[in-house]
Protein chains: 2
Amino acid sequence: MQSPLDTRFGPPPGAGYFAHVSVAELAGALRAGRVSSRDLAKAALGEAARWQPVLNAFVTVDETGALEAADQAAREMAAGVDRGPLHGIPVAVKDVIDVRGLPTTSGSRHFAGHIAQEDAECVRHLRAAGAVIVGKTNTHEVANGPTGDRSVSGPTRNPYATDRIAGGSSSGAAAALAAGIVPLALGTDTGGSARIPAACCGVVGLRPTHGTITTAGVVPLAPSLDTVGPMARTAADCRLLWTAMTADHRQTSASARIGWIPPDSVHPTTPAVTRTARDFAGDLLIGEVSVPQLKELRASYRTIQGSEAYALHAERLSTAPELYSEEVRDRLRAGGEVLGWEYARALELRDRARSTVMDLLQAYDFLALPTIPMLAPPLDTRTDRIGGEPVEVNAALLALTSPWSILGLPAVSVPAGLVDGLPTALQLVGPPGSEQHLLTTAERLQSTAP
Amino acid sequence: MQSPLDTRFGPPPGAGYFAHVSVAELAGALRAGRVSSRDLAKAALGEAARWQPVLNAFVTVDETGALEAADQAAREMAAGVDRGPLHGIPVAVKDVIDVRGLPTTSGSRHFAGHIAQEDAECVRHLRAAGAVIVGKTNTHEVANGPTGDRSVSGPTRNPYATDRIAGGSSSGAAAALAAGIVPLALGTDTGGSARIPAACCGVVGLRPTHGTITTAGVVPLAPSLDTVGPMARTAADCRLLWTAMTADHRQTSASARIGWIPPDSVHPTTPAVTRTARDFAGDLLIGEVSVPQLKELRASYRTIQGSEAYALHAERLSTAPELYSEEVRDRLRAGGEVLGWEYARALELRDRARSTVMDLLQAYDFLALPTIPMLAPPLDTRTDRIGGEPVEVNAALLALTSPWSILGLPAVSVPAGLVDGLPTALQLVGPPGSEQHLLTTAERLQSTAP
């Protein structure tokens with residue numbers, strides 16, 4: 001029999017070991033000797049193998065590296081070296097982030113055969129915290145798409161309904177967390193690439209303040225927007241990951257004054273999705289707010305991301321366009337047609353909108369709205385319906401996340417409950433540097449939800 | 001009989017009262033009762049009228065406002081209120097900067113009939129310091145051009161040779177200072193609009209660190225580059241203006257380690273101009289340096305400035321293109337053709353180049369090079385010759401100033417001596433916030449030059 005909590009937050013059917021245990025519990029069990037880091041690595045490797053034919057969450061599983069790192073973690077712990085709560089914990093890394101000795105495919109034929117010579121800086125931080133990297137997770141091709149169903153390695157599927165997208169571009173990370181393959185993962189977030197798949201798969205995805213976690217060693221998509229996105233099954237776990245990576249140990253209140261942004265002012269939304277997200281915010285929601293520039297910011301996202309992505313891909317597009325999938329190539333080429341003055345206007349809008357939002361963030365700790373306006377759509381679908389109206393899936397998925405990317409603000413996506421057996425999500429947006437407060441608040445919402 | 005000093009730094013023939021006295025001397029005379037602020041305002045108004053048919057430096061002379069402000073300054077001083085060294089000193093303001101109750105023409109038919117409702121914020125600072133605004137100085141049309149010979153009010157002429165340009169876009173400010181009409185002036189500097197006319201007219205023009213003096217109330221050209229540029233006849237006077245406007249009272253050394261950038265690596269230069277500038281730096285010059293990205297930065301200037309200027313002018317260009325002069329219209333339209341990805345790449349180059357230059361500014365206090373690669377060319381000339389090679393005048397004038405605009409760094413142009421009776425100039429470039437040190441060093445160079 002399912003409790004109400006199970007109904008709202010239950011893992012997908014058949015979810016693996018890590019879907020049923022918190023990182024804090026794992027850390028305790030490791031230190032009590034009830035489990036070894038090798039056991040955890042083997043559990044992750046086993047789940048990865050079991051789920052791979054179903055979800056296609058991984059591009060590379062590094063059994064040798066994982067077991068070596070697990071044994072190393074065990075030896076250190078036996079010798080009295082304790083690297084903190086991530087010590088000996090399995091982690092998956094999105095396949096746009098360099099892990100030394102492993103391929104970085106970026107989900108693209110263009111990157112075939114590329115073996116990383118060095119760890120990305122964020123990966124170095126993971127290793128310094130004692131985490132055990134078990135492999136590289138699937139990504140939408142060159143991280144340029146919110147659906148996760150275009151990749152040289154094939155689409156990633158949603159653990160809640162395998163005929164649906166996992167969301168993207170950090171598709172494999174979200175699917176692997178939801179399915180209990182790993183307890184922690186690193187994604188990236190340019191316009192929503194950590195938050196959108198987190199919302200689709202019922203896990204937590206954080207977009208940090210732009211620039212806080214360096215993207216050195218991460219394949220760039222749009223540098224003024226790119227971030228590394230910590231992801232986990234719960235806000236509590238995600239906070240451990242954030243803290244370990246950034247050494248941001250600030251204690252913050254678990255309370256917050258939250259202003260609700262009615263999302264239909266930005267994009268049509270499925271009523272049950274919006275209602276579930278809003279209900280989840282509960283008592284912390286103290287008012288409704290409006291950010292008049294949100295619609296324009298959505299358009300600016302295409303302008304800025306399109307220009308920057310084209311600047312990075314221009315040579316590849318001219319020398320070997322056939323190595324892109326048609327959809328990603330068209331998307332990149334459309335970005336190449338944006339004019340400089342449109343880009344300049346987008347930056348100007350960004351500055352104006354930031355000042356509006358920073359004013360709101362004086363009256364409210366956070367702004368809230370759904371992460372995505374709908375349930376995860378079926379694979380390969382590009383037009384869906386919301387309230388009877390046809391919507392363009394790519395644009396819809398990015399509509400509520402990309403404005404905060406433009407503004408450089410941190411935002412977290414937290415599962416809000418299931419609707420028709422599929423996850424919904426609340427997105428909280430805070431001022432620069434508010435990650436601890438965002439995650440602490442999300443943790444409280446997860447622990448007090450009815 | 002002229003002393004060597006007169007030869008190198010002498011004012012143009014017939015220069016007015018303010019070409020022969022420093023602001024510090026004026027401040028002393030005011031306080032000793034040897035002169036009144038009304039006397040100074042009348043002197044400025046008289047010189048403005050005398051020179052106007054020759055130079056066309058002013059667009060608006062505000063006799064009533066100037067005399068009222070002068071009398072107000074006198075009453076305050078009599079009552080024991082001393083606003084500091086600018087108290088009672090005449091100042092001219094470039095006609096892209098709002099002065100309440102006066103037209104802001106921007107040198108353009110598009111702005112005809114526009115009367116400013118409020119003072120620009122930089123003008124408020126001037127008034128708070130007790131300065132007396134005598135009028136608005138001519139500007140290249142919409143501040144978009146380095147020659148100063150396109151304006152709805154007609155070209156400004158160079159006091160040293162009235163068949164030559166005063167430089168632009170702050171043409172009237174530089175001409176008015178050189179001719180001794182006013183001791184102080186406010187210009188603006190986007191790609192060199194304070195430094196270039198200062199170099200052409202043998203006065204001092206400062207481009208501050210981007211963002212230090214707010215541009216609120218100033219007609220924008222390219223917001224990411226626009227600055228308000230304090231200008232004066234000497235570095236000492238300019239420093240008084242800077243200090244009064246910013247309340248930056250830091251004491252700095254008058255010594256500096258200066259690295260010379262051989263300018264021909266960036267653009268062909270007239271040998272005598274370069275030699276004179278280099279000699280002027282004297283003993284402070286301790287080495288030669290190279291900034292490999294300077295040529296690319298020049299191109300980036302067109303990309304960034306062109307995009308931002310088009311963004312601001314797009315509506316006017318479509319509704320009333322005939323209100324622009326042909327040259328300025330063509331220039332704006334060319335900016336509208338820049339692509340977004342080129343703009344994005346220019347920003348990326350800027351970041352890389354800034355880090356190169358900031359590294360150099362660890363080893364050297366300042367970098368130095370000529371402000372412009374040639375002597376002020378004849379009016380209306382668009383192709384000139386440097387060392388026998390044809391050069392495009394607009395590009396040549398901006399070649400050595402615009403890279404520092406892109407980098408957001410402060411730079412000052414200081415007269416270095418006359419060649420063939422025309423001014424040459426040394427440009428010093430420093431790290432963000434180094435304006436006091438730049439001006440103090442320039443002051444020392446002016447006082448110790450042979």
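Chain letters run A, B, ... following the sequence lines, proteins first and then strands; every chain starts at 1.
B/Y324 and B/H313 have perpendicular rings, their planes meeting at more than 60° on a 0 to 90° scale where under 30° would count as parallel.
Ranked by non-hydrogen atom pairs under 4.5 Å with chain B, the options A/I304, A/T303, A/L312, A/V338 are led by A/V338.
Residue B/E342: no heavy atom, backbone or side chain, is found under 4.5 Å from chain A. Using a 4.5 Å cut-off between heavy atoms, B/E348 makes no contact with chain A at all.
Side chains of B/T227 and B/D189: a donor-acceptor N/O pair is absent below 3.5 angstrom, by distance only.
Looking at B/R207, its side chain never comes within 3.5 Å of a backbone N or O of B/A411 through a donor-acceptor pair. Side chain of A/S108 to main chain of A/H110: a donor-acceptor pair is present (N/O by atom type, distance under 3.5 Å, no hydrogens or angles).
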